[in-house]
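Remember, it's 1-based here, ligands and their atoms both numbered in the order they're listed.
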Amino acid sequence: MDYSIARRRMVEQQIADRGITDQRVLDAMLTIPRHLFVESGLQNHAYSDATLPIGEKQTISQPFTVASMTAALELQGHERILEIGTGSGYQTAILSHLAKRVYSIERISLLAAQARRVLDQLQMSNINIKMGDGTVGWKDQAPFDGILVAAGSPDVPQEYLEQLDINGKLVIPVGDRDEQTLLRICRLPDGQFKREHLMGCRFVPLIGEQGW
Ligand code: SAM
């Protein structure tokens, strides 16, 4: 089945028409085969404007959410990125396409293994995935130029701020269990943090030591 027409329509109507202008992000989403990251019975829905179940009571994020979070990192290609919540691996693949290296943490081993399989099949070799509690970050590999958190947190874990490099950007949904605000926190050259509210969002909870 050729999904390229559905993928192009997704990028034009759900992403570009809603104001995402970063051509690199649009190109990445035109390239990565999203249908490979969903359950086989749901492949026909892979390019719809929706989150979809991926098993273990978790979801693959809506395409517009993936595009918005990625665009907020303003990637140029040289960055080392930490991703929390690998899930299906789709967002990981987009980041892998746009940055130098991606370090991704997933707390559910089955999902981490599934994601690894698809990413290997696509020969994406600049990705390290580890299983564990991502709320404490990945100290051995810090600092990062970008940190993308794909689950809703009650607050901003201190470890993420500490593991963010100067000029780095952290994108994280913060709020209660049902609704959050997507925040972008930039680490300025003087070491201070600038916080921006990007949009309202709904993520599954970030579960762990510094989460729920
Ligand atoms: N962006 C992903 C995708 O494209 O498929 C979707 C991520 S899904 C909305 C959130 C993921 O975060 C789930 O797979 C969940 O298991 C994971 N998660 C929740 N708490 C976590 C934690 N403390 N550490 C690592 N992963 C966590």
K.L.:
Any heavy atom of Gly132 closer to ligand 1 than 4.0 angstrom?
P.N.:
yes

K.L.:
Does the side chain of Thr86 come under 3.5 Å of the side chain of Ser104 through a donor N or O and an acceptor N or O?
P.N.:
yes

K.L.:
What atoms in ligand 1 come closer than 4.0 Å to a heavy atom of Ile108?
P.N.:
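Those atoms are 16 (O).
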
K.L.:
Taking the minimum heavy-atom distance to atom 10 (C) of ligand 1, which of Ala150, Gly85, Gly87 ranks first?
P.N.:
Ala150

K.L.:
Kindly say whether Asp27 contributes a backbone atom to a donor-acceptor pair with the side chain of Thr31 at under 3.5 angstrom?
P.N.:
yes

K.L.:
Among all protein non-hydrogen atoms, which one is nearest to atom 1 (N) of ligand 1, and what is the separation to 0.1 Å?
P.N.:
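Closest protein heavy atom to atom 1 (N) of ligand 1: Gln91 CB, 3.5 Å.
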
K.L.:
Of the backbone atoms (N, CA, C, O) and the side-chain heavy atoms from C-beta on, which set of Thr86 has a member under 4.0 Å from an atom of ligand 1: side chain, backbone, both, or neither?
P.N.:
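It is the backbone that gets close, since no side chain atom is under 4.0 Å.
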
K.L.:
Is Glu83 close to ligand 1, meaning an N/O of one under 3.5 Å from an N/O of the other?
P.N.:
no

K.L.:
Of the protein's non-hydrogen atoms, which lies at the shortest distance from atom 24 (N) of ligand 1, and what is that distance?
P.N.:
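The closest one turns out to be Gly134 N, 2.8 Å.
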
K.L.:
Using a 4.0 Å cut-off to any heavy atom of Thr135, which atoms of ligand 1 qualify?
P.N.:
23 (N)

K.L.:
Starting from atom 20 (N) of ligand 1, which protein heavy atom do you reach first, and at what distance in Å?
P.N.:
Ile207 N, 3.0 Å

K.L.:
Any idea which atoms of ligand 1 are less than 4.0 Å away from a heavy-atom of Ile105?
P.N.:
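The atoms of ligand 1 under 4.0 Å from a heavy atom of Ile105 are 25 (C), 26 (N).
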
K.L.:
So how far is it from Leu30 CG to Arg8 CZ, rounded to the nearest 0.5 Å?
P.N.:
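One finds 5.0 Å between CG of Leu30 and CZ of Arg8.
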
K.L.:
Who's the nearest protein heavy-atom neighbour of atom 8 (S) of ligand 1, and how far?
P.N.:
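Answer, as residue, atom name and distance: Thr59 O, 3.2 Å.
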
K.L.:
Is it the case that Arg101 and Asn128 place a side-chain donor and acceptor less than 3.5 Å from each other?
P.N.:
yes

K.L.:
Tell me which one of Pro173, Pro63, Ser88 gets a heavy atom nearest to atom 3 (C) of ligand 1.
P.N.:
Ser88

K.L.:
What atoms of ligand 1 come closer than 4.0 angstrom to any heavy atom of Tyr90?
P.N.:
4 (O)

K.L.:
What pair of heavy atoms forms the shortest contact from Arg34 to Ala50, and how long is it?
P.N.:
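For Arg34 versus Ala50, the nearest heavy atoms are NH2-O, 3.6 Å.
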
K.L.:
Can you see which heavy atom on Ser61 is nearest to which on Val66, and at what distance?
P.N.:
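Ser61 and Val66 have their closest heavy atoms at CB-CG2, 3.8 Å.
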
K.L.:
Hey, is Val204 touching ligand 1 through its side chain, its backbone, both or neither, going by heavy atoms under 4.0 Å?
P.N.:
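Near ligand 1, Val204 shows its side chain, while the N, CA, C and O stay back.
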
K.L.:
In plain terms, say whether Arg184 and Glu196 are close enough for a salt bridge, that is, a side-chain N and a carboxylate O under 4.0 Å apart.
P.N.:
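Here Arg184 pairs with Glu196 in a salt bridge, since their nearest N and O are under 4.0 Å apart.
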
K.L.:
If the cut-off is 4.0 Å to any non-hydrogen atom of Ile60, which atoms of ligand 1 fall inside it?
P.N.:
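Every atom of ligand 1 under 4.0 Å from some heavy atom of Ile60: 4 (O), 5 (O).
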
K.L.:
Tell me: protein heavy atom nearest atom 14 (O) of ligand 1, and distance?
P.N.:
Glu106 OE1, 2.7 Å

K.L.:
Starting from the C-alpha separation in whole Å, work towards a yes-or-no answer on salt bridge (charged side-chain N to carboxylate O under 4.0 Å, His left out) for Glu79 and Lys100.
P.N.:
CA-CA 5 Å; Glu79 297 86 353; Lys100 186 169 172 206; over 6 Å; no

K.L.:
Once side-chain hydrogen bond (donor to acceptor under 3.5 Å, both in side chains) is applied, do any residues pair with Tyr47, and if so which ones, sequence neighbours excluded?
P.N.:
Arg7, His35

K.L.:
Going by the atom numbers of ligand 1, which of them fall below 4.0 Å from some non-hydrogen atom of Ser61?
P.N.:
1 (N), 6 (C), 9 (C)

K.L.:
Would you say Leu111 has any N or O atom under 3.5 Å from an N or O of ligand 1, going by distance alone?
P.N.:
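There is no such contact.
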
K.L.:
Could you walk me through whether Gln163 and Tyr160 satisfy the side-chain contact (heavy atoms from CB on, under 4.5 Å) test, starting with their C-alpha distance in whole Å, then the side-chain angles of each, then the deciding distance to 0.1 Å, before giving a yes or no?
P.N.:
CA-CA 5 Å; Gln163 293 179 27; Tyr160 296 165; 5.6 Å; no

K.L.:
Which one holds for Leu206 and ligand 1: side chain close, backbone close, both close, or neither close, with close meaning a heavy atom under 4.0 Å?
P.N.:
both

K.L.:
So which of Ser104, Pro205, Ala112 gets nearest to atom 19 (C) of ligand 1, if we judge by its closest heavy atom?
P.N.:
Pro205

K.L.:
Quick test: of every protein heavy atom, which one is nearest to atom 13 (C) of ligand 1, and how far off is it to 0.1 Å?
P.N.:
Gln58 OE1, 3.3 Å

K.L.:
So which atom in Cys201 and which in Leu182 form the shortest heavy-atom distance, rounded to 0.1 Å?
P.N.:
SG-N, 3.7 Å

K.L.:
Around atom 26 (N) of ligand 1, find the nearest protein heavy atom and jot down its residue, atom name and distance.
P.N.:
Arg107 N, 3.3 Å

K.L.:
Out of curiosity, Ile127 CD1 to Arg116 CZ, how far, rounded to the nearest 0.5 Å?
P.N.:
6.0 Å

K.L.:
Measuring from the heavy atoms of Gly211, does anything fall under 4.0 Å of ligand 1?
P.N.:
no

K.L.:
Just to verify, which of Asp133, Thr135, Leu148, Val149 counts as forming a side chain to side chain contact (heavy atoms under 4.5 Å, CB included) with Ile84?
P.N.:
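Per the side chain to side chain contact (heavy atoms under 4.5 Å, CB included) rule, the option paired with Ile84 is Val149, out of Asp133, Thr135, Leu148, Val149.
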
K.L.:
Taking only Lys NZ, Arg NE, NH1 and NH2, and the carboxylate oxygens of Asp or Glu, determine whether Lys130 and Asp140 approach each other closer than 4.0 Å.
P.N.:
no

